[in-house]
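First comes the structure, then the notes that go with it.
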Amino acid sequence: MFNSITKMTKKKSSLSTLANHKTISDARRMLPLAELKILMVEDDPFLRDLYQRIFDRASIKVELARDGEEGFDVVKAQKPDLMLLDVMLPGITGPELLSKMAKELEYVPMVIMLSDLDQIGVKDKCINLGAKAFISKNDVSGPELLRKVEEILKA
Amino acid sequence: MQFIKNKISSYIRFLADNQQVFLSLLLILLVPGILVFNTVFVVKSMDDNMNYELRLKAEMAGSIVARYSSDLLGDPTQLQAKIKLTVDESLHSSTRKVTIMVPEGENFQVLASSDQSEISQIRPQLQYTVAWHQHATIAQLVQTVQNHQTERLWQVVTPIATPTGSKLGLVEILVSTADMDARTQTVLVNSVLVLVASIGLVLLLIANNARLFQYALLFHKLQEVDKMKDNFISIASHELKTPVTAAKGFLSLVEQEKQVLPAEIQSDINKANMSLERLSDLVNDLLNVSRIEQKRLAIDPVPTDIRTVVGEVFEDLSGSAQKKGLTIEYHPFTGELPPVLIDPAKFRQIMVNLLTNAIKYTISGKVEVNIIFEDLGKVAVSVKDTGIGMSAGDMEKLFTQFYRVRNRKARDIVGTGLGLWITKQLTEMMDGKILVESIEDVGSRFTVVFSVIPTKKK
Ligand SMILES: Nc1ncnc2c1ncn2[C@@H]1O[C@H](COP(=O)(O)OP(=O)(O)OP(=O)(O)O)[C@@H](O)[C@H]1O
Ligand SMILES: [Mg+2]
């Protein structure tokens, strides 16, 4: 019975949103950022360092992953509440990771995409694949990032 | 072997990629080919026709001789005389021989002949037997060799019969094709001359137009280079963005440090920040240009109250105008303003570009932002300044990439000359219009006009 349901949802379309999966509960969403488990996937070492510092300064713990594969493993093992995901990654890209998680995992965190892209289709594609929102990296390069994330999370 | 294979496949790929060249090569081969084919075909069919004509004539002569011979078979001397006369006077000069034969056992014996030496000879040829037994005229081409010269001849054999139909003998006529062959030869030579001349002409024309191929190839290459340039700009500006973002981020970490920094360090940090901002703007502009040119810029139109966006931009930038000692004013339309279907972020970019320009290119005086709505379905936002202005000539080129006015007043003002190009593209992508009025040393006014979403009233 359960099997047939998962099969059906899989068949529906590749655009199947994460609505069919377990994700962060509404109650947890309202908690302060410091009490959430956050994962950040970013390939550039300087940006990774920067984000680490921003989170550290606000005393928020953050798990860092260097690429899509690593991000996938962390999601699978630690089930974070929130994932900040770069669009352009070496190996599997951000959108590819979104659909991989939707296909292979039962639990998928809330995903906010980080991007400096403004390309036709990319944003829609990610939203269709289940991402919650987009943040432009160069609009929010400093500590404003945290405010923006919080805003999206509580919306 | 492998090398040759590679070479050939690379040529094939080249041709597949350059269809114009492929077509032209095909034409080069095809046109002379058709000419050659046509010549060969015409000469051949002319030869066939003449041959057929000659054969008909020989057969006609055969039947005439056969007719009068039937009465004279009993008088060989008179027959001989008549034959001689016929050949000498009535028949064409290409008639080589006329022979009258009567059956002699299995074979035939010559009774009379234009060649007197052959009289009484016994002839065993198969055609004679066939013509005799089938009671029909038989014609065939034969070859003779005389003094090392081959000659083609029509040999026509016609039975001689009484009016009641009983067979008496045979007439054989030999007609040479030499005359006709000579004429065919002349035609052939002429045709080949014409053929060579026309192929030469075609090749000459093609050689003369070889430049066309070069242009075609050049055009192809140019397209590739253009694409490469686009890709390069796109990749380079992407790669540039990440370190700029990181640098800006780290600097903003320093700025938010709790402790107060010495004024000098703070001012250095501010300058570093401003430089980064410039770099970031430049990279963004380049990226915008390449996206617009590659038609990959996403526009997300939503119903927007443009006053909100204009107000925000005004707030953001009025500080820098005041710092310069300029008066800056905002006069929004105060009545009910229907929304406009635009991408707010892109519209914001338009306003930032226009307002920064107005502040940048005004040394003293006033910058004024107006929103005008006169209920004709259009709303206009204008940015007016009392700045350095520009000449009519500059105004024409204003919206081209990298165009900057070059005069003493504009000299120390930094910029790339991309802002207005991007502004115009963005405006037009959202179905708007951009207008400029300017007088040198007096000031400028830039206006963007958009259609409002029609309200359902009445
Ligand atoms: N309000 C204005 N008054 C006088 N000249 C202007 C004004 N706006 C633009 N110009 C002229 O038009 C040129 C092109 O403007 P544009 O905004 O495209 O480029 P820029 O300001 O030089 O560089 P950037 O790409 O950084 O904006 C400017 O160099 C300036 O000479
Ligand atoms: Mg400008």
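Numbered from 1 within each chain, the chains take letters A, B, ... in sequence-line order. Note that this is a predicted model, so its numbers are computed, not measured.
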Open item on the list: Report, in residue-number order, which members of residues 37-51 of chain A are under 4.5 Å from chain B by heavy-atom distance.
Closed with: Asp44(A), Phe46(A), Leu47(A), Asp49(A), Leu50(A)

Open item on the list: Quick one: does any side-chain atom of Arg28(A) pair with a main-chain N or O of Leu36(A) as donor and acceptor, under 3.5 Å?
Closed with: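 Such a contact is absent between Arg28(A) side chain and Leu36(A) backbone.
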
Take atom [atom1] in [X]; do more than 12 heavy atoms of anything else shown fall under 6.0 Å from it?
X: Lys323(B); atom1: NZ; value: no
X: Lys384(B); atom1: NZ; value: no
X: Lys324(B); atom1: NZ; value: yes

TODO: Enter the distance from Thr400(B):OG1 to Leu420(B):CG here, rounded to the nearest 0.5 Å.
DONE: 9.5 Å

Open item on the list: I'd like to know whether Lys424(B) forms a salt bridge (charged side-chain N to carboxylate O under 4.0 Å, His left out) with Glu428(B), so could you lay out the CA-CA distance, the side-chain angles of the two residues, the decisive distance to 0.1 Å, and finally the verdict.
Closed with: CA-CA 6 Å; Lys424(B) 184 170 154 78; Glu428(B) 288 172 356; 2.9 Å; yes

TODO: Can you tell which part of Thr242(B) gets under 4.5 Å to a heavy atom of chain A, answering side chain, backbone, both or neither?
DONE: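 Interface part for Thr242(B): both.
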
